[in-house]
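Note sheet for the following structure.
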Amino acid sequence: MSAIPTDVTIVEVGPRDGLQNEAAILSPKARIELIEALASAGLNTIEAGSFVSPARVPQMADTDQVLAGLASRSDLRLPVLVPNARGLAAAK
């Protein structure tokens, strides 16, 4: 029998996984405000977006601007989805 973990990490995926399934496209400013609201609620690991083709997933366009708008938030972990080499180049 394995031991019960003493710590749990909650990773909020709404700003990426949730928004990419919505028809509405939020501006980078609105996405930043969403992430800041989630952080204010106590979450500190929040998927900020993904570096995918905006032609395929327009809801994730401008993830670089979202990250730039949150650059001063050293209290947050902001992972992103990087599905391929092109996305990796954009993320860098």
Side-chain angles (χ1 to χ4, degrees):
M1 180 174 222
S2 61
I4 297 174
T6 58
D7 295 318
V8 175
T9 300
I10 296 172
V11 179
E12 172 57 47
V13 299
R16 184 201 56 86
D17 194 41
L19 292 180
Q20 77 181 16
N21 292 308
E22 294 295 325
I25 298 174
L26 297 182
S27 68
K29 181 178 185 247
R31 290 165 51 198
I32 291 166
E33 290 171 358
L34 171 61
I35 292 168
E36 288 179 337
L38 292 166
S40 293
L43 298 165
N44 62 9
T45 303
I46 304 166
E47 277 194 14
S50 62
F51 286 93
V52 295
S53 169
R56 299 270 185 189
V57 187
Q59 299 88 335
M60 292 296 100
D62 303 319
T63 291
D64 58 332
Q65 292 177 30
V66 173
L67 292 174
L70 295 163
S72 65
R73 296 294 307 253
S74 62
D75 58 322
L76 298 179
R77 290 186 60 236
L78 300 166
V80 294
L81 178 68
V82 180
N84 55 37
R86 184 176 286 173
L88 179 60
K92 287 181 177 182

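Position 1 is the first residue of the sequence, and the numbers go up from there.
Taking each heavy atom of Val82 and Phe51 in turn, the nearest pair found is CG2-CD1, 4.4 Å. Between Ala48 and Val66, the shortest heavy-atom distance links the atoms O-CG1, 4.0 Å. Between Leu38 and Pro15, the shortest heavy-atom distance links the atoms CD1-CG, 3.7 Å. Nearest approach of Ile25 to Pro58, heavy atoms of both residues: CD1-CB, 3.7 Å. Of all heavy-atom pairs spanning Gln59 and Gln20, the tightest one is NE2-O, 3.5 Å. Closest approach of Ala39 to Arg73, counting heavy atoms only: CB-NH2, 3.5 Å.
Judged by distance alone, the side chain of Glu12 and the main-chain N or O of Gly14 form a donor-acceptor pair under 3.5 Å. Thr45 places no side-chain N or O within donor-acceptor distance of the main-chain N or O of Arg77, the cut-off being under 3.5 Å.
Leu67 CG to Asp62 CG: the interatomic distance, rounded to the nearest 0.5 Å, is 11.0 Å. Distance OG1/Thr63 to CD/Glu47: 10.5 Å, rounded to 0.5 Å. Atom CG in Leu19 sits 6.0 Å away from atom CG in Leu34 (nearest 0.5 Å). For the atom pair Ile35 CD1 and Leu78 CG, the distance stands at 6.0 Å (nearest 0.5 Å).
In terms of hydrophobic clustering, with Ile, Leu, Val, Met, Phe, Trp and Tyr side chains grouped at heavy-atom distances under 4.5 Å, Met60 and Leu88 are assigned to a common cluster. Residues Val11 and Leu76 do not share a hydrophobic cluster, clusters being chains of Ile/Leu/Val/Met/Phe/Trp/Tyr side chains in contact below 4.5 Å. Criterion: ILVMFWY side-chain heavy atoms under 4.5 Å apart, direct or through other members. Under it, Leu81 and Leu26 are not part of a common hydrophobic cluster.
Contact of the Arg31 side chain with the Gln65 side chain is not registered, since no non-hydrogen atoms from C-beta on lie closer than 4.5 Å.
No side-chain N or O of Ser53 forms a donor-acceptor pair with one of Arg86 less than 3.5 Å apart.
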Does the pair Asn44 and Asp75 meet the rule for a side-chain contact (heavy atoms from CB on, under 4.5 Å), with working shown?
-> CA-CA 7 Å; Asn44 62 9; Asp75 58 322; over 6 Å; no

